[in-house]
Undergrad: 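After the structure tokens below, expect a handful of questions from me.
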Amino acid sequence: MAKREPVFALIDCNSFYASCERVFRTDLAKTPIVVLSNNDGCVIARSYDAKPFVQMAAPYFKIKDELRRHGVVAFSSNYALYGDMSERVMTIIESRVPSLEVYSIDEAFADLTGIPGDLTGFGRDIRETILKHTSLPVGVGIARTKTLAKLANHIAKQLPDEDQGVFNMCDPAVRDEVLRSSDVSDVWGIGKRMKTHLNAMGIETAMDLARADRWMLRQKFSVVIEKTSRELAGTPCLTLEEAQAPRHEICCSRMFGDRVMDIESLQQAVATYTQRAAEKLRAQHSLCKKIRVSIRTGMFNPDEARYANAALVELPYPTNDVRLMSKAATEAVNRLFRPGYRYSKAEVLLMDLRQPGEFTDDLFASAQPATATKVMEVLDAINGKWGRGTLRCASVPYEPGWAMRRELMSRSYTTKLDELWVVGKKLN
DNA sequence: TCTGGGGTCCTAGGACCC
DNA sequence: TCTGGGGTCCTAGGACCC
């Protein structure tokens with residue numbers, strides 16, 4: 001029997017955050033929409049019809065009036081809603097493909113190797129099912145490698161409606177045609193810097209990169225670019241990664257709603273971020289040995305005095321005990337704090353993460369006491385049942401003065417009982 | 001007044017060891 | 001005259017992704 005050729009699909013939601021908002025606001029079906037980053041800082045998603053009016057990452061305060069003039073409606077980001085919608089989409093895809101890698105909140109790679117019959121039809125079927133069950137439009141790219149599937153997906157989004165957002169690039173002739181007409185910067189893994197370097201060497205299109213001297217690519221850049229080149233030429237170098245490995249670092253950082261000047265607020269913020277990071281840490285069953293805390297002022301205003309600094313604290317033993325972690329993190333704030341500055345952001349980064357049992361306990365140092373592990377389990381159980389923050393360290397305020405701005409937030413239509421979508425009753 | 005929040009991988013270079 | 005050759009581990013920094 002002939003060896004089965006590998007086939008990958010990349011399925012991703014179109015303008016995901018904006019589409020999620022639209023699902024529950026049918027009155028905005030024909031209105032351009034943008035979604036803002038945390039703190040209503042800048043634009044992170046645009047509906048298709050908003051794209052002509054707004055640049056990605058444009059600061060909201062600068063373009064507010066312009067948006068209003070064009071009738072573009074803005075939303076604060078509502079991650080509870082997006083996370084829930086994402087799970088629904090992934091569940092549908094998972095039920096139809098042999099194996100799936102959830103790559104981000106709005107996209108997934110699927111292994112279609114060995115699926116008989118017309119793959120384009122298969123892609124259309126998935127797309128229709130998702131649309132029917134969630135009202136979210138997706139694009140499907142199908143090809144021999146992950147990098148090519150990404151490119152196929154990019155093409156799928158530019159197709160006219162009758163092609164239903166599915167593009168199959170398995171045919172070598174079709175693939176070559178696409179490679180020739182795609183700019184090298186459309187390739188997954190080629191950013192702005194790499195484009196500049198490659199262009200300088202005469203590599204302009206995806207086809208140029210596919211045919212470039214691999215040894216030279218590896219010498220001059222890295223093995224990553226070499227793999228990209230091979231993948232474009234049709235040789236799979238990247239595999240589907242179904243099980244998500246535990247993170248090596250866990251980060252929680254936020255801009256403040258307003259500038260902060262006092263040390264108490266910074267301590268509260270850092271305690272709050274540590275709490276959130278510790279939750280993520282325990283969710284992946286890891287322990288952490290080092291914490292890096294950083295604070296900084298705004299970086300954009302030239303008239304404002306700037307300061308940014310970070311401190312690394314090492315814990316006595318690998319732990320997931322939020323009490324120990326908060327104490328260490330807030331002590332770091334005392335070291336970092338300089339009075340007189342207007343702080344805009346703090347960050348807590350958990351580093352040197354380990355799995356229990358993976359490291360050797362030091363003969364003379366202590367390990368996390370069993371009681372602490374138990375206390376954390378109870379803490380997570382209570383917060384899991386009654387909501388995040390029900391039980392917390394005293395240093396974490398309930399309604400902090402420095403909380404981020406989210407003035408344009410939609411409701412938690414799918415995740416809060418008292419905010420459910422009501423059909424047949426006029427909202428807003 | 002005001003510009004996000006997560007992550008990943010790779011490489012180079014220094015410290016240290018035998 | 002003239003000062004090896006590996007190896008490992010760690011960290012910082014660059015580049016990229018969504």
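The figures that follow rest on heavy atoms only: side chains count, while hydrogens, waters and symmetry mates do not. These numbers come from a predicted model, not from an experiment. Throughout, protein chains are lettered first and strands after them, A, B, ... in sequence-line order, and every chain is numbered starting at 1.
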Undergrad: Just to be sure I understand the rule, does A/Leu36 reach a base, reach only the sugar-phosphate, or reach nothing, if contact means heavy atoms closer than 4.0 Å?
TA: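 The residue A/Leu36 makes no contact with any strand.
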
Undergrad: Is any side-chain N or O of A/Lys345 closer than 4.0 Å to OP1 or OP2 of B/dG5?
TA: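 Indeed, a polar side-chain atom of A/Lys345 lies that close.
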
Undergrad: Does A/Lys192 reach a base, just sugar-phosphate, or nothing at all? Heavy atoms under 4.0 Å.
TA: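 The answer is sugar-phosphate, as A/Lys192 gets under 4.0 Å only of primed atoms, P, OP1 or OP2.
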
Undergrad: Is A/Arg282 salt-bridged to A/Asp380, cutoff N-O under 4.0 Å?
TA: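 The answer is yes: the pair qualifies as a salt bridge.
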
Undergrad: I need the CG-P distance between A/Asp352 and C/dC9, as an integer number of Å.
TA: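 Checked: the CG to P distance equals 14 Å.
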
Undergrad: Tell me what A/Ile190 touches on the nucleic acid: a base, only sugar-phosphate, or nothing, going by heavy atoms under 4.0 Å.
TA: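 Since only primed, P, OP1 and OP2 atoms lie under 4.0 Å of A/Ile190, the category is sugar-phosphate.
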
Undergrad: Starting at OH of A/Tyr273 and ending at P of B/dG4, how long is that distance when rounded to a whole Å?
TA: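 Whole-Å distance recorded here is 13 Å.
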
Undergrad: Could you tell me how far apart A/Tyr82 (OH) and B/dG4 (P) are, to the nearest whole angstrom?
TA: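 The distance from OH of A/Tyr82 to P of B/dG4 comes to 17 Å, rounded to the nearest Å.
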
Undergrad: Any base atoms under 4.0 Å from A/Met194, or only sugar-phosphate, or nothing? Heavy atoms, all strands.
TA: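 Contact class for A/Met194: sugar-phosphate only.
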
Undergrad: Just call it for A/Lys280: base, sugar-phosphate, or nothing, with non-hydrogen atoms closer than 4.0 Å on any strand.
TA: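 Sugar-phosphate only.
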
Undergrad: Can you tell me which nucleotide in B/dG4, C/dC18, B/dC2 comes closest to the side chain of A/Glu304?
TA: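 Per side-chain heavy atoms of A/Glu304, the pick is B/dC2.
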
Undergrad: So A/Tyr60, base contact, sugar-phosphate only, or nothing? Heavy-atom distance under 4.0 Å.
TA: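 It contacts nothing in the nucleic acid.
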
Undergrad: Provide, to the nearest angstrom, the distance between the CE atom belonging to A/Met404 and the C1' atom belonging to B/dT3.
TA: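 Whole-Å distance recorded here is 15 Å.
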
Undergrad: Whole angstrom is fine here: how far is it from CD in A/Gln244 over to C1' in B/dT8?
TA: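 Whole-Å distance recorded here is 14 Å.
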
Undergrad: Counting heavy atoms from C-beta on, name the nucleotide in B/dG6, B/dC10, B/dG4 closest to the side chain of A/Cys251.
TA: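 Nearest to the side-chain atoms of A/Cys251, counting from C-beta on, is B/dG6.
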
Undergrad: So what does A/Lys227 touch, heavy atoms closer than 4.0 Å: a base, only the sugar-phosphate, or nothing?
TA: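 A/Lys227: no heavy atom of the nucleic acid under 4.0 Å.
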
Undergrad: Answer with base, sugar-phosphate or nothing: what part of the nucleic acid does A/Glu107 contact at a heavy-atom distance below 4.0 Å?
TA: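 If one applies the 4.0 Å heavy-atom cut-off, A/Glu107 turns out to touch the sugar-phosphate alone, with no base involved.
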
Undergrad: Indicate, with a heavy-atom threshold strictly under 4.0 Å, whether A/Asp106 touches base, sugar-phosphate, or nothing.
TA: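 Sugar-phosphate, backbone atoms only, no base.
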
Undergrad: Consider the side chain of A/Lys290, meaning its heavy atoms from C-beta on, and name the nucleotide among B/dG4, B/dG6, C/dT11 that approaches it most closely.
TA: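 The closest nucleotide is C/dT11.
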
Undergrad: Between A/Arg259 and B/dC2, is there a contact of a side-chain N or O with OP1 or OP2 at under 4.0 Å?
TA: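 For B/dC2, OP1/OP2 do have a side-chain N/O of A/Arg259 under 4.0 Å.
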
Undergrad: Both A/Phe300 and A/Ser222 contact DNA chain B. Taking the nearest nucleotide for each, which residue is further toward the 5' end?
TA: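 Taking each residue's closest nucleotide, the earlier one in sequence belongs to A/Phe300.
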
Undergrad: Is it true that A/Arg144 and A/Glu231 have a side-chain N and a carboxylate O under 4.0 angstrom from each other?
TA: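 Salt bridge between A/Arg144 and A/Glu231, a charged N being under 4.0 Å from a carboxylate O: no.
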
Undergrad: Could you tell me whether A/Asp49 and A/Lys51 have a side-chain N and a carboxylate O separated by less than 4.0 Å?
TA: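 Salt bridge: no.
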
Undergrad: Atom CD1 of A/Ile225 and atom P of C/dA15: how far apart are they, to the nearest Å?
TA: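 Atom CD1 in A/Ile225 sits about 11 Å away from atom P in C/dA15.
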
Undergrad: Round to a whole Å and report the spacing from CG of A/Asn38 to P of B/dT3.
TA: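 It works out to 13 Å between those atoms.
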
Undergrad: Within the 4.0 Å heavy-atom criterion, would you say A/Arg276 contacts the bases, only the backbone, or no part of the nucleic acid?
TA: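 The answer is nothing, as A/Arg276 stays clear of every strand by at least 4.0 Å.
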
Undergrad: So what's B/dC18 paired with, Watson-Crick or G-U wobble, going by both distances under 3.5 Å?
TA: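 C/dG5 - that is the nucleotide pairing with B/dC18, both distances being under 3.5 Å.
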
Undergrad: Is it the case that more than 12 heavy atoms not belonging to A/Lys327 sit under 6.0 Å from its NZ atom?
TA: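 No, because the 6.0 Å sphere around NZ of A/Lys327 holds 12 heavy atoms or fewer from other groups.
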
Undergrad: Is the phosphate of B/dG6, meaning OP1 or OP2, less than 4.0 Å from a side-chain N or O of A/Arg254?
TA: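 Yes, such a contact exists.
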
Undergrad: Please report the distance, rounded to the nearest Å, between NE2 in A/His154 and C1' in C/dC18.
TA: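 Atom-to-atom, A/His154 to C/dC18, this comes out as 15 Å.
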
Undergrad: A/Lys150 side chain: which of B/dT3, C/dC18, B/dG7 is closest?
TA: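 Nucleotide nearest to A/Lys150's side chain: C/dC18.
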
Undergrad: Counting only side-chain N and O atoms of A/Arg247, is one of them less than 4.0 Å from OP1 or OP2 of B/dC9?
TA: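 Answer no for this pair, as no side-chain N or O of A/Arg247 is under 4.0 Å from OP1 or OP2.
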
Undergrad: Can the ring centroids of A/Phe337 and A/Tyr343 be said to lie less than 6.0 angstrom from one another?
TA: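 Centroid distance A/Phe337-A/Tyr343: below 6.0 Å, so yes.
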
Undergrad: May I ask you to say what A/Asn39 touches in the nucleic acid, namely base, sugar-phosphate or nothing, with a heavy-atom cut-off under 4.0 Å?
TA: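 Answer is nothing: A/Asn39 stays at 4.0 Å or more from every strand.
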
Undergrad: Using a strict 4.0 Å threshold on nitrogen-to-oxygen distance, state whether A/Arg292 and A/Glu347 make a salt bridge.
TA: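 The answer is yes: the pair qualifies as a salt bridge.
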
Undergrad: Could you work out which one of B/dT1, C/dC18, B/dG4 sits closest to the side chain of A/Tyr103?
TA: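 My answer, after comparing the listed nucleotides, is C/dC18.
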
Undergrad: Any chance the rings of A/Tyr307 and A/Tyr341 have centres within less than 6.0 Å?
TA: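 For A/Tyr307 and A/Tyr341, the ring centres are under 6.0 Å apart.
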
Undergrad: Between C/dG4 and B/dC16, how far is it from one C1' atom to the other, in whole Å?
TA: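 Here C/dG4 and B/dC16 have their C1' atoms 16 Å from each other.
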
Undergrad: When you match A/Gly41 and A/Cys252 each to their closest nucleotide on DNA chain B, which lands nearer the 5' end?
TA: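 Result: A/Gly41.
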
Undergrad: On the nucleotide C/dA15, are OP1 or OP2 found under 4.0 Å from the side-chain N or O atoms that A/His197 carries?
TA: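 Looking at the OP1 and OP2 atoms of C/dA15, neither is under 4.0 Å from any side-chain N or O of A/His197.
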
